[in-house]
Amino acid sequence: MSAVSFPVRGTTRAKSVWGRILGRGSLARRLDWVLFGAAFALSAIGAVLVFSATRGRMQLNQGDPYFFVVRHLVNTGIGLALGAVTLWYGHRRLRDTAALLYAVTVLLVALVLTPVGATINGSRRWIVIGGGMSIQPAEFVKVAVVIAMAVALTSRVDAGDLTRPDRRGIVRALALGGFPALLILLTPDLGQVLGIAAIVLCMLVVAGAPKRWILGLLGLGLVGCLAVWQFHLLDQYQINRFAAFADPALDPSGVGYNTSQARIAIGAGGLTGSGLFHGAQTNGQFVPEQQTDFVFSVAGEELGFLGAGLIIALIGVVLWRACRIARNCPDLYGTVTAAGVVGWLAFQAFENIGMNLGIMPVTGLPLPFVSYGGSSMFAGWVGIGLLQSIRAQRVMSA
């Protein structure tokens, strides 16, 4: 007599759940885990570097050596949540709300210029929201610029009306990128303006804008830089930073002090570094703003060329996977959106590492995912969420 078998409902239900999570075509299978892993590793390394840079700075950490690292970890957690929400909502649905997102973020940038804006470390770039927290709207406006410009450049192309953006689409895209850049320049925050310029240029190139527009923009940018310098539209501290960049020996104990000390710290690290938490420059608190603008100098000193090289390699992995997502996307909107994120992260990383090494002027741009700072962390993970949404949609439609 053969045995009678009965189905186990709990087991069947569990298999069904895991099938939806990990099965063929599931969201987990559609994500780029290499991209996520590289970005997460950067945030984790950043937590260690932020702790090393701030644990002994009692005048900053309110007597708590874990003050900054705990906040960095909280910011990372919030950033991960925002990235997940962006992935869930989807880059295509964001296209439908691009006008609202753009209007809200530009309004926040404009509020910085009013009494609502707060001046921190001599710069008026923040809005204090209470509880010891503040936001930097210029970080969030980059997300809105990427999405709004992508819509302007690709809506008629993806609809089949054109093969590449026409004059009207390009002009609209330039206006969408230029208006918030002008507002940010008034704060003044030249670094963020240059970041938006990199986004605009990258998106135009990938969208297939005619070469005359690209060359014209480059020429206009050069004329604009000359005009800004000629008519003294920069604050004196910004002019001094450029002067120190052109001649590092000009004022090593004044405006060139930050870069000079950062270069000393990185140079002292050698190949393998002085050891985590054992950097003389870091422990001696010689490098100002070391948890934010100059966090790369901590890696250079304490982890050496190998540790600093690992950070650069991880950033390279993020950019490589983002470029791969852009290249494989079936529609121009997704491709141009991914290209905007690539331009944004690539320029910001290059500028930050460059100013630590003394090959770029000091502009105050943080190192993506590594530097301490909530607004930068939130915006960076939203960018990762956009890339993952584009990737997931591509895999699903393949």
Side-chain angles (χ1 to χ4, degrees), residues 42-43 45-69 71-72 75 120-123 125 191 237-238 240-312 315 348-373 376-377:
L42 286 169
S43 295
I45 292 172
V48 177
L49 299 180
V50 166
F51 178 61
S52 179
T54 59
R55 62 195 179 94
R57 303 198 178 207
M58 298 303 175
Q59 74 279 14
L60 293 178
N61 62 26
Q62 303 178 17
D64 179 6
Y66 300 100
F67 178 82
F68 282 98
V69 68
R71 290 192 169 208
H72 180 89
N75 290 338
I120 300 177
N121 294 332
S123 300
R125 302 173 184 175
Y237 80 92
Q238 292 174 313
N240 293 340
R241 283 179 174 179
F242 277 101
F245 165 68
D247 183 8
L250 181 66
D251 188 11
S253 61
V255 69
Y257 177 80
N258 292 19
T259 301
S260 175
Q261 294 300 318
R263 293 176 67 185
I264 292 172
I266 294 172
L271 179 63
T272 59
S274 57
L276 196 59
F277 311 133
H278 291 88
Q281 292 289 112
T282 300
N283 289 333
Q285 305 176 21
F286 290 104
V287 185
E289 306 300 331
Q290 201 171 15
Q291 75 275 17
T292 53
D293 298 351
F294 293 96
V295 71
F296 187 76
S297 67
V298 183
E301 180 179 30
E302 298 188 346
L303 304 179
F305 176 81
L306 295 179
L310 174 62
I311 291 176
I312 295 174
I315 292 171
Q348 194 159 315
F350 179 81
E351 164 60 29
N352 180 275
I353 295 173
M355 71 184 188
N356 275 262
L357 297 175
I359 62 174
M360 293 293 287
V362 176
T363 59
L365 284 178
L367 186 57
F369 308 109
V370 181
S371 292
Y372 173 80
S376 175
M377 185 70 75

Option among Gln261, Arg263, Glu302 that satisfies the side-chain hydrogen bond (donor to acceptor under 3.5 Å, both in side chains) test with Gln281: Gln261
Can you tell me if Glu351 and Thr363 form a side-chain donor-acceptor pair at under 3.5 Å? yes
Test item: Ile353 and Leu367 side chains (from C-beta on) under 4.5 Å apart, heavy atoms: yes
Scanning both residues in full, the closest heavy-atom pair of Gly191 with Leu365 reads O-CD1, 3.5 Å
Whether Asn356 side chain and Ser297 backbone form a donor-acceptor pair below 3.5 Å: yes
Arg57-Gln290 side chain donor-acceptor pair, cut-off 3.5 Å: yes
Indicate yes or no: at least one non-hydrogen side-chain atom of Leu310 is less than 4.5 angstrom from one of Ile45. yes
Under a 4.5 Å cut-off applied to non-hydrogen side-chain atoms, are Thr292 and Phe68 in contact? no
I want to check something: taking the side chain as every heavy atom from C-beta on, are Val287 and Val298 in contact at a cut-off of under 4.5 Å? no
Yes or no on side-chain contact (heavy atoms from CB on, under 4.5 Å) for Ile315 and Val370, after CA distance, side-chain angles and deciding distance? CA-CA 10 Å; Ile315 292 171; Val370 181; 5.6 Å; no
In terms of heavy-atom contacts, Ser274 and Gly279 come closest through OG-CA, 3.4 Å
Are a donor atom and an acceptor atom from the side chains of Glu301 and Thr282 found within less than 3.5 Å of each other? yes
For Val48, does its backbone N or O pair with a side-chain atom of His72 as donor and acceptor, under 3.5 Å? no
Which heavy atom of Pro368 sits nearest a heavy atom of Leu42, and at what distance? O-CD1, 4.5 Å
Atom of Ala262, atom of Phe294 and distance for their closest heavy-atom approach: CB-CD2, 3.7 Å
Taking the six-membered ring for Trp, are the ring centroids of Phe277 and Phe51 within less than 6.0 Å of each other? yes
Test item: Tyr372 side-chain N/O and Glu289 main-chain N/O as donor-acceptor pair under 3.5 Å: no
Is there a donor-acceptor contact under 3.5 Å from the side chain of Asn352 to the main chain of Gln348? no
How close do Asn283 and Arg55 get, counting heavy atoms only, and between which atoms? OD1-NH2, 3.4 Å
Are any non-hydrogen side-chain atoms of Leu60 and Phe67 less than 4.5 angstrom apart? no
